[in-house]
Amino acid sequence: LIVALCILVSSVMLIAVDSYLQQCNDNKLFCTAGSFLLQTRKNRKQRELSHSMSLGVISYWPAQSGYYDTLPNGSMAVINPMNGVFADQSMENLGPGIEKFKQVVANAAVRNIQILGYVPTGYFNHSCNVNAQCQTLERIEKQVEKYLDLFPALAGIFFDEVAPKVWDCGAFVPEYTQLRQLVRKQSPTATIAWNAAVVDNCSVAGASAGEILVLYEHEEAKYGNSEFHDKLISTARSARLSGIETWHLVHTVSADRLQAVIEKARLYHVDWFYATNIGGNWQAGENTWGKPPLYWDQLKMEFGWSPITRVKPTPVVVPTNLTAMVDPSEIPTGGSAILTLNRPMAQCCSRWDWIGVYKKGSPERLGFVHSDNDKDHSVAISLESIMGGLGPGEYEFKYSTDVDGWVMHVLPSATLGIHAEPFATVVPSKISADSSPILTLMRPVGQCCSRWDWVGTYKKGSSARLGFVHSDNNKDSTVAIALDSIVAGLDPGQYELKYSTGVDGWVMHDLTATFTITR
């Protein structure tokens, strides 16, 4: 019971994760390998209720190694014959093992494993073709074309080196746009993954809904430290609001730290995750992504793999009822959200079906968006295109499809509140005095955005400010703020928060967010 309780707390607060694992290290009788595995499997389903995370492997593996056969169903991986599909810097000669890679891709597709083709892009430098320095657009396009021609079952393209060596935030959008066009000329549906490996919303701005973005590719020692923690929360949040899937890659992770790192990834709401014990110093001969980690089976078990059922196809889950959910369900004016639509057999599947938005209680449709998906029962739809003209208020959604003759379906579980005033949430809302809750602040156009705005904490019902923290963000309407600096030292009791910014002349705004400190 104690072990299970520790892991339950660890999925909420990182400090509890580290504390629990330290106990395991100090007292082997308290946490044996067997009990550790048992409790993690018991709690996996409970953790997945809050966020679903999948295994995405950076697999620069030889085709003949047999490693690809060990991938679990439903995962994602990469093929990389020779720093791309071509040998050396050629635009014609293929890399080694192409026929074997064809079999790898075909076998993976049968098991619902997405395989992406590796393409280097030269860090925004397209003046030459030199490995790890520059790549011409001509060679990049030929790589994309050849991958999709050779491997019909390939899920998409993995663009590497997609951040500039000389930092330029404004360069991401035009660079990603021109690379995206190279893929779309060959395939309108191929998945695009970007390995920016920078924890910054500049790369999020470059990616588009439905694409995958590697935000973190670094060592475990920096994963969630003071330099990256807030950025990891902010970038994941921004990506979710834009319908972009996130991918974190953590190397130099020891076996006894693996569980803590996985829990951190869940806290950051990562969509795809991979860890390895191998280091990242390639100059010293460390082949970081060249083979699976020592704890490969343990890592796969965290994502539902079992040695008994590894060859069993992943079943397609067909919803029994038509449902939908909007995330987030509360946004500031000018914000956006993602609607996840679940279509049962009776309404599945047409790409021309539509979701309409309505003022709550009104029959007048204010806008609509197509699912643009004719194969999946569950589909995530960005609402950004229909949010622009909506003012503050409560909204609901309706659905219609030609599959059942354009019957109008009300979606009662899908609602959206748009706010003209700043508002916030605190997670967790009930904490101990030494905890670090996260405040998610949403700033409408009228209050966005100044990095010197502040959130203050107050004893409930009091006007005396006990502490404050700046958002330190002058561009994002939604920002995650760690409250540890203003929670430390507070007595047990109920607290409320207020917000002020120079954008509207330092007006004081009451936030609906509250939290309680227990002993």
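Residue numbers start at 1 and run along the sequence shown.
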Residues Arg184, Ile192; criterion side chain to side chain contact (heavy atoms under 4.5 Å, CB included); working and verdict: CA-CA 10 Å; Arg184 293 295 167 244; Ile192 299 176; 3.7 Å; yes
Close side-chain approach of Phe159 and Glu175, heavy atoms under 4.5 Å: no
Among Trp452, Tyr499, Trp454, ring-ring contact (aromatic ring centres under 6.0 Å, His included) partner for His470: Trp452
Run the side-chain donor-acceptor check on residues 204-218: report pairs under 3.5 Å with partners two or more places apart or on a different chain.
{"from": "Ser208", "atom 1": "OG", "to": "Arg180", "atom 2": "NH2", "distance (Å)": "3.1"}
{"from": "Glu211", "atom 1": "OE1", "to": "Arg180", "atom 2": "NH2", "distance (Å)": "3.1"}
{"from": "Glu211", "atom 1": "OE1", "to": "Trp194", "atom 2": "NE1", "distance (Å)": "2.8"}
{"from": "Glu211", "atom 1": "OE1", "to": "Ser208", "atom 2": "N", "distance (Å)": "2.8"}
{"from": "Glu211", "atom 1": "OE2", "to": "Arg180", "atom 2": "NE", "distance (Å)": "2.6"}
{"from": "Tyr216", "atom 1": "OH", "to": "Glu219", "atom 2": "O", "distance (Å)": "2.6"}
{"from": "Tyr216", "atom 1": "OH", "to": "Tyr223", "atom 2": "N", "distance (Å)": "3.2"}
{"from": "Glu217", "atom 1": "OE1", "to": "Asn195", "atom 2": "ND2", "distance (Å)": "3.0"}
{"from": "Glu217", "atom 1": "OE2", "to": "Trp289", "atom 2": "NE1", "distance (Å)": "3.0"}

Ile262/Arg266 under side chain to side chain contact (heavy atoms under 4.5 Å, CB included): CA gap, chis, key distance, verdict: CA-CA 6 Å; Ile262 290 173; Arg266 287 194 171 101; 3.1 Å; yes
Verdict with reasoning, His126 to Ile140, per side chain to side chain contact (heavy atoms under 4.5 Å, CB included): CA-CA 9 Å; His126 305 306; Ile140 295 171; 3.8 Å; yes
Flag, side chain of Thr70 to backbone of Tyr67, donor-acceptor distance under 3.5 Å: yes
Pair Glu302-Gln298, side-chain donor/acceptor within less than 3.5 Å: no
Spatial distance of atom CE (Met76) from atom OG1 (Thr191) [nearest 0.5 Å]: 8.0 Å
Donor-acceptor contact below 3.5 Å, side chain Asn112 vs main chain Asn73: no
Heavy-atom pair with the smallest gap, counting every atom of Leu148 and Ser187: CD1-CB, 4.1 Å
Nearest-0.5 Å distance that lies between atom CD1 in Ile233 and atom CG in Leu267: 5.5 Å
Working for side chain to side chain contact (heavy atoms under 4.5 Å, CB included), residues Arg451 and Asn473: CA-CA 4 Å; Arg451 67 183 311 153; Asn473 185 304; 5.6 Å; no
Minimum heavy-atom distance between Tyr274 and Pro292, given as atom pair plus value: OH-CA, 3.8 Å
Closest non-hydrogen atom pair between Leu55 and Pro72, with its separation: CD2-CG, 3.7 Å
Residue pair Ile331 / Met387, side-chain heavy-atom distance below 4.5 Å: yes
Any pair counted as disulfide (SG to SG under 2.5 Å), so long as it reaches residues 204-298, sequence neighbours left out: none
Tyr118 and Asp160: side chain donor to acceptor below 3.5 Å: yes
Whether Tyr176 and Phe172 hold their rings parallel, tilted or perpendicular, with breakpoints at 30° and 60°: perpendicular
Tyr147 to Val85 - nearest heavy-atom pair and separation: OH-N, 3.4 Å
Heavy-atom pair of closest approach, residues Ala132 and Tyr123: O-CE1, 3.4 Å
Geometric cation-pi criterion, Lys222 with Phe228: 6.0 Å, 45°: no
Whether Arg443 side chain and Thr501 backbone form a donor-acceptor pair below 3.5 Å: no
Side-chain heavy-atom pair Val57, Trp296 within 4.5 angstrom cut-off: yes
Any Cys448 side-chain heavy atom under 4.5 Å of Val503 side chain: no
Note, Leu150 side chain near Lys102 side chain (heavy atom, < 4.5 Å): yes
Side-chain donor or acceptor of Thr440 paired with backbone N/O of Ala424 under 3.5 Å: no
Ser90 (side chain) donor-acceptor with Phe86 (main chain) under 3.5 angstrom: no
Where Ile98 and Phe151 come nearest, the two heavy atoms and their spacing: O-CE2, 4.0 Å
Heavy-atom side-chain contact between Ile278 and His251 under 4.5 Å: no
Inter- and intrachain pairs under side chain to side chain donor-acceptor pair (under 3.5 Å), touching residues 54-66, at least two apart: none
Heavy-atom donor-acceptor pair, Glu161 side chain to Gly122 backbone, under 3.5 Å: yes
Gap separating the CG atom of Asp200 from the CH2 atom of Trp167, nearest 0.5 angstrom: 4.0 Å
Side chains of Ile338 and Ser382 in contact at under 4.5 Å (non-hydrogen atoms): yes
Distance in Å, Thr246 OG1 paired with Met53 CE, rounded so as to fall on 0.5 Å steps: 9.5 Å
Value rounded to 0.5 Å, distance of CG in Leu232 from OH in Tyr268: 5.0 Å
Side-chain ion pair, Lys142 and Glu145, N-O less than 4.0 Å: no
Test item: Ser242 side-chain N/O and Ser238 main-chain N/O as donor-acceptor pair under 3.5 Å: yes
Backbone of Ser378 reached by a side-chain donor or acceptor of Asp376 within 3.5 Å: no
Other residues, nucleotides, ligands: >12 heavy atoms within 6.0 Å of Glu384 CD: no
CG (Leu137) with more than 12 external heavy atoms under 6.0 Å: yes
Arg237 side chain reached by His269 side chain, heavy atoms, under 4.5 Å: no
Point-to-point distance, once rounded to the nearest 0.5 Å, from CE of Met91 to CD of Gln143: 9.5 Å
